[in-house]
Protein chains: 2
Amino acid sequence: MIATLRQRGIRVTAQRVAVAEVLANSIDHPSAQDVYERVKLHFPHITLATVYNTLNVLSEKGFVQPLHFRGGTRYDANLLPHANLICVECGRIADASVDEDGAVANLREILTKASGFQVMGQRLDFYGSCARCSGSSASQPN
Amino acid sequence: MIATLRQRGIRVTAQRVAVAEVLANSIDHPSAQDVYERVKLHFPHITLATVYNTLNVLSEKGFVQPLHFRGGTRYDANLLPHANLICVECGRIADASVDEDGAVANLREILTKASGFQVMGQRLDFYGSCARCSGSSASQPN
DNA sequence: TTTACTGCAAAGGGTTTGCATGAGG
DNA sequence: CCTCATGCAAACCCTTTGCAGTAAA
């Protein structure tokens, strides 16, 4: 992890390693507050401001992708082309790999040819009901 | 426009019509502040709070799609499946129709089959350099 | 008449920043 | 050593809300 951060030109501190590791080990797209609470478990002295500063550095250096929503920002450590499945009922965000057959690459190519836009990255959000929420007839409250 | 709003179950007021018309006639994904300034040209008495309230109503009723970014929310009146081309240099957001060959529908189908997720809507953002910026000067952000 | 929208101002909440201290390269 | 990160608190900015008056249905 330390080497990974150095590779990206990020000055290494204990706090930054802790934040980066929380992100790398999370698949639930945590908010800054979530990251703060998780880091604090093993690093009680860190502050929310440091978490925000670190998240901004990690975002600028391409270590995570910030996803802005109405309620605030969530952070995605999955750097591969993928779709975010956002359940409008329970609020969960799951990743779905979608580029096995080059679907995203295909889209990028279409856009470049059609409008001369040089694509450098993307964010694909799909809103709907996750299997858990739409599948259960007697839906559970969460 | 009045009929359109009524169809969506939106109580019709002069302010709401004005906001809705600004949105319908804008292709630059205006912010709430942008909408406010444009509406105020022909409706000087409206307030920013009313614009926000109206934008929320129009969003809930599916008249516009709110797009949350770091700097705030932008509003997209294009309800057809499309991609947002976001220039990281000049900040402009342009729409690109991308579903001529059913690319979005294809993605939605892949996701439904793979993960049992019922897709109800989507947001496709592509970050990069627009034709104007990548063509004029060769500046490469990292 | 009944409901709910407007305008105004003030509060809310996620995020950023200034400053003194402390740690990394 | 010199630069930059941390911690703390206050500030910031976008957005929401409470209230009194007013307009839509």
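Below, read A as the first sequence line, B as the second, and so on, with proteins coming before strands; counting in each chain starts at 1. Given the structure is predicted, the values throughout are model-derived calculations rather than measurements.
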On DNA chain C, check which nucleotide each of B:T47 and A:S31 is closest to and give me the residue with the more 5' one. B:T47
Quick one: side chain to side chain donor-acceptor pair (under 3.5 Å) partners of A:S31, sequence neighbours excluded? A:D34
I'd like to check A:V39 versus A:E37 (side-chain heavy atoms, cut-off strictly below 4.5 Å). Are they in contact? no
Could you go through residues 110-120 of chain B and list every donor-acceptor pair under 3.5 Å that involves a side-chain atom there, pairing it with any protein atom two or more places apart or in another chain?
| residue | atom | partner | partner atom | Å |
| --- | --- | --- | --- | --- |
| B:T112 | OG1 | B:R108 | O | 2.8 |
| B:T112 | OG1 | B:F117 | O | 3.3 |
| B:K113 | NZ | B:E109 | OE2 | 3.2 |
| B:S115 | OG | B:L111 | O | 2.8 |

Pairing residues for B:E60 by the side chain to side chain donor-acceptor pair (under 3.5 Å) criterion, not counting sequence neighbours: none
Under 4.0 Å from any heavy atom of chain B: name the first and the last nucleotide of DNA chain D that qualifies, 5' to 3'. D:dC14 to D:dA25
DNA chain C: 5'-most and 3'-most nucleotides touching chain A, 4.0 angstrom heavy-atom criterion: C:dG14 to C:dG25
Closest non-hydrogen atom pair, A:L23 against A:P30: CD2-CG, 4.2 Å
So how far is it from A:T73 OG1 to A:H68 NE2, rounded to the nearest 0.5 Å? 4.5 Å
Note the angle between the end axes of the helix from C:dT1-D:dA25 to C:dG25-D:dC1, five pairs defining each, rounded to 10 degrees. 50°
Quick check for you: to the nearest 0.5 Å, what is the distance between A:I93 atom CD1 and A:I86 atom CD1? 5.5 Å
In short, A:A20 meets A:L5 closest at the heavy-atom pair CB-CD2, 4.1 Å
To check you understand the geometry: which heavy-atom pair defines the closest contact between B:V88 and B:Y127, and what is its length? CG1-CB, 4.0 Å
Where along residues 8-23 of chain A does a heavy atom fall under 4.0 Å from DNA chain D? A:R11, A:T13, A:Q15, A:R16
If you look at every heavy atom in A:A24 and A:M1, which pair is closest and at what distance? CB-CE, 4.1 Å
For a quick test of reading the model, state the closest non-hydrogen atom pair linking B:V64 to B:L55 and the distance between them. CG2-O, 4.4 Å
Which residue pairs pass the side chain to side chain donor-acceptor pair (under 3.5 Å) test when at least one of the two sits in residues 50-59 of chain B, sequence neighbours left out? B:T47-B:T50
Return the residues of residues 67-78 of chain B meeting this criterion: a heavy atom under 4.0 Å from some atom of DNA chain C. Order them by number, or give none. B:R70
Determine whether B:V22 and B:Y36 make a side-chain contact, defined as any pair of heavy atoms from C-beta on separated by less than 4.5 Å. no
Quick one: are A:K40 and A:H45 in side-chain contact, heavy atoms under 4.5 Å? no
Residue-level proximity of residues 52-65 of chain B to DNA chain D when a heavy atom falls under 4.0 Å: B:Y52, B:N53, B:N56
Side-chain donor-acceptor contacts of residues 75-82 of chain A below 3.5 Å, not counting sequence neighbours, with atom names and distances?
| residue | atom | partner | partner atom | Å |
| --- | --- | --- | --- | --- |
| A:D76 | OD1 | A:N78 | N | 2.8 |
| A:D76 | OD2 | A:H29 | NE2 | 3.2 |
| A:D76 | OD2 | A:H82 | NE2 | 2.8 |
| A:N78 | OD1 | A:L80 | N | 3.0 |
| A:N78 | ND2 | A:D95 | OD2 | 2.9 |
| A:H82 | ND1 | A:L80 | O | 2.7 |
| A:H82 | NE2 | A:N84 | OD1 | 3.2 |
| A:H82 | NE2 | A:D95 | OD1 | 3.4 |
| A:H82 | NE2 | A:D95 | OD2 | 3.4 |

Inter- and intrachain pairs under salt bridge (charged side-chain N to carboxylate O under 4.0 Å, His left out), touching residues 5-33 of chain B, at least two apart: B:D28-B:R38
Would a distance-only check, ignoring hydrogens and angles, find a side-chain to backbone donor-acceptor pair under 3.5 Å from B:Q65 to B:Q122? yes
